[in-house]
Number of protein chains: 2
Amino acid sequence: MSIEDKFDALFKSLSHRVRRRILDLIKDGPKTTGALCDKLKELDRCTVMQHLSVLEKAGLLVVERRGRERWNHLDALPIHDVQKRWIGPYATQAVEMLQDLEALAQTVESDVQRTVDQPERSK
Amino acid sequence: MSIEDKFDALFKSLSHRVRRRILDLIKDGPKTTGALCDKLKELDRCTVMQHLSVLEKAGLLVVERRGRERWNHLDALPIHDVQKRWIGPYATQAVEMLQDLEALAQTVESDVQRTVDQPERSK
DNA sequence: TTGACATGTTATATTTTTATAACATGATTG
DNA sequence: CAATCATGTTATAAAAATATAACATGTCAA
């Protein structure tokens, strides 16, 4: 599985609100599939299991089998890779954009000031 | 558009490798649609434009029209929201997991030490 | 050991996404 | 102003994701 495949799977798994909700549900501790289905009453159990398997393939969810129960654990480590490759660098970009905007605002401001000091002749 | 719709659109737009490649292409400055198509020769021009519109709907791409050209600018600001709601908190979780692992490793280590000091009788 | 229970598997219908084709428009340039 | 160029629009085919149904398996507990 290439690195691009990995990011495909990660972002795709985060792109559905039900799966994001599942992540929140197991964030503070593992839950059984049954417990998750109870919280997601609007969905068929099979649908929930499909979402779980999407999360598992992306590496965000790890399954521990205990008797007839399946405990779904969060593994947040892959999120680190997303942070390093995509979020961090682009967040930096966003900050630079804001700084550019500030600089632009100051330029405009001083332009206005100069115009007040030395009004241009009308054309 | 709800906040969930927004995250749906953001993660979905990041979940295709072609769109991530486009983001990288416009990261250091805007490019025309034509220039982007040149870099993505394996794809039909229409396909590229569809990807651009997905990015635009997610708010990651802003279009500036100049004559008959279309300049595609990156807007990285929405990435900030992703960072705040999804990456930051889950990265924290990941760090906690690593710390738990370390603690566990130390426990095991001292167990081993204790066992060496006071060997258990075989069963 | 038998019945209820939690989960797993396979198949399939529906919807959405991705890729392309064909045609259209409006700007630039000689 | 006519030809070319960059882009836009609409339609459609193909692939993938989502939701559900029907049936299967292994576990626990009385």
Side-chain angles (χ1 to χ4, degrees), chain A residues 1-2 4-23 25-26 29-74, chain B residues 1-2 4-23 25-26 29-74:
Chain A
M1 200 199 230
S2 80
E4 287 301 313
D5 290 336
K6 213 177 75 176
F7 282 125
D8 276 3
L10 273 170
F11 282 120
K12 199 162 290 169
S13 73
L14 288 166
S15 76
H16 197 289
R17 66 192 64 188
V18 167
R19 289 192 290 264
R20 293 198 303 272
R21 194 155 155 225
I22 291 174
L23 290 183
L25 285 170
I26 62 175
K31 287 207 165 41
T32 66
T33 304
L36 291 174
C37 289
D38 283 348
K39 298 273 185 178
L40 301 164
K41 288 225 179 65
E42 72 275 19
L43 290 175
D44 191 274
R45 185 179 58 88
C46 297
T47 306
V48 173
M49 289 195 61
Q50 274 190 355
H51 283 304
L52 291 178
S53 96
V54 172
L55 287 168
E56 195 179 358
K57 276 170 197 150
L60 289 173
L61 188 144
V62 173
V63 171
E64 174 206 3
R65 233 161 286 267
R66 254 192 249 165
R68 63 180 165 180
E69 288 172 334
R70 164 190 162 130
W71 287 82
N72 302 279
H73 297 251
L74 171 68
Chain B
M1 200 198 231
S2 79
E4 287 302 311
D5 289 337
K6 213 177 75 177
F7 282 125
D8 275 4
L10 273 170
F11 282 120
K12 200 160 289 170
S13 73
L14 288 166
S15 75
H16 198 290
R17 64 193 64 189
V18 167
R19 289 194 290 263
R20 292 198 303 272
R21 194 156 155 225
I22 291 174
L23 290 183
L25 285 169
I26 63 175
K31 288 206 165 41
T32 65
T33 303
L36 290 174
C37 289
D38 283 349
K39 298 273 185 178
L40 300 164
K41 288 226 179 65
E42 72 275 18
L43 289 177
D44 191 275
R45 184 179 59 86
C46 297
T47 306
V48 174
M49 289 194 61
Q50 274 189 355
H51 283 304
L52 291 178
S53 96
V54 171
L55 287 168
E56 196 180 358
K57 275 170 197 152
L60 289 173
L61 189 144
V62 173
V63 171
E64 173 206 4
R65 234 160 285 268
R66 254 192 251 165
R68 63 179 166 179
E69 287 172 333
R70 164 191 163 129
W71 287 82
N72 303 279
H73 296 252
L74 171 68

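Sequence lines set the chain letters: A, B, ... in the order given, protein chains first and strands last, and positions in each chain run from 1.
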Nearest to the side chain of [X], which nucleotide is it out of [options]?
X	options	result
A/R45	D/dA21, D/dC23, C/dA19	D/dC23
B/E69	C/dT20, C/dG8, D/dA6	D/dA6
B/Q50	C/dT9, D/dG8, C/dA19	C/dA19
B/C46	C/dA21, C/dA19, D/dG8	C/dA21

For the residue pair [X] and [Y], establish whether any side-chain heavy-atom pair is separated by less than 4.5 Å.
X	Y	result
A/M49	A/T33	yes
B/E64	B/V62	no
A/I22	A/L40	yes

To the nearest 0.5 Å, what is the distance between [atom1] ([X]) and [atom2] ([Y])?
X	Y	atom1	atom2	answer
A/R20	B/D8	CZ	CG	4.5 Å
B/Q50	B/L52	CD	CG	10.0 Å
B/K12	B/D5	NZ	CG	9.5 Å
B/D38	B/L25	CG	CG	11.0 Å
B/L36	B/R70	CG	CZ	9.0 Å
B/L10	B/L55	CG	CG	10.0 Å

Would you indicate, yes or no, if C/dT20 has its OP1 or OP2 atom less than 4.0 angstrom from a side-chain nitrogen or oxygen of B/T47?
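So the side-chain polar atoms of B/T47 do come within 4.0 Å of the phosphate oxygens OP1 or OP2 of C/dT20, strictly under.
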
Does B/L74 form a side chain to side chain contact (heavy atoms under 4.5 Å, CB included) with B/L61? I'd like the steps, not just the answer.
CA-CA 5 Å; B/L74 171 68; B/L61 189 144; over 6 Å; no

Residue-level proximity of residues 32-42 of chain B to DNA chain D when a heavy atom falls under 4.0 Å:
B/T32, B/T33, B/G34

Between [atom2] of [N] and [atom1] of [X], the distance in whole Å:
X	N	atom1	atom2	value
B/D44	D/dA6	CG	P	16 Å
B/I22	C/dT18	CD1	P	11 Å
A/R70	D/dT27	CZ	P	16 Å
B/R17	C/dA19	CZ	P	10 Å
A/N72	C/dA6	CG	C1'	12 Å
B/M49	C/dA22	CE	C1'	15 Å
B/H16	C/dT17	NE2	P	12 Å

Looking at residues 51-68 of chain B, who's got a heavy atom less than 4.0 Å off DNA chain C?
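Hits under 4.0 Å, by residue number: B/H51, B/G67, B/R68.
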
Let's see if you get this right: which residues in residues 5-15 of chain B place a heavy atom under 4.0 Å from DNA chain C?
B/K12

Minimum-distance pair of heavy atoms, taken over all atoms of B/A9 and B/A58:
O-CB, 3.6 Å

Using a strict threshold of under 4.0 Å (side-chain N to carboxylate O), is an ion pair present between A/E42 and A/R21?
yes

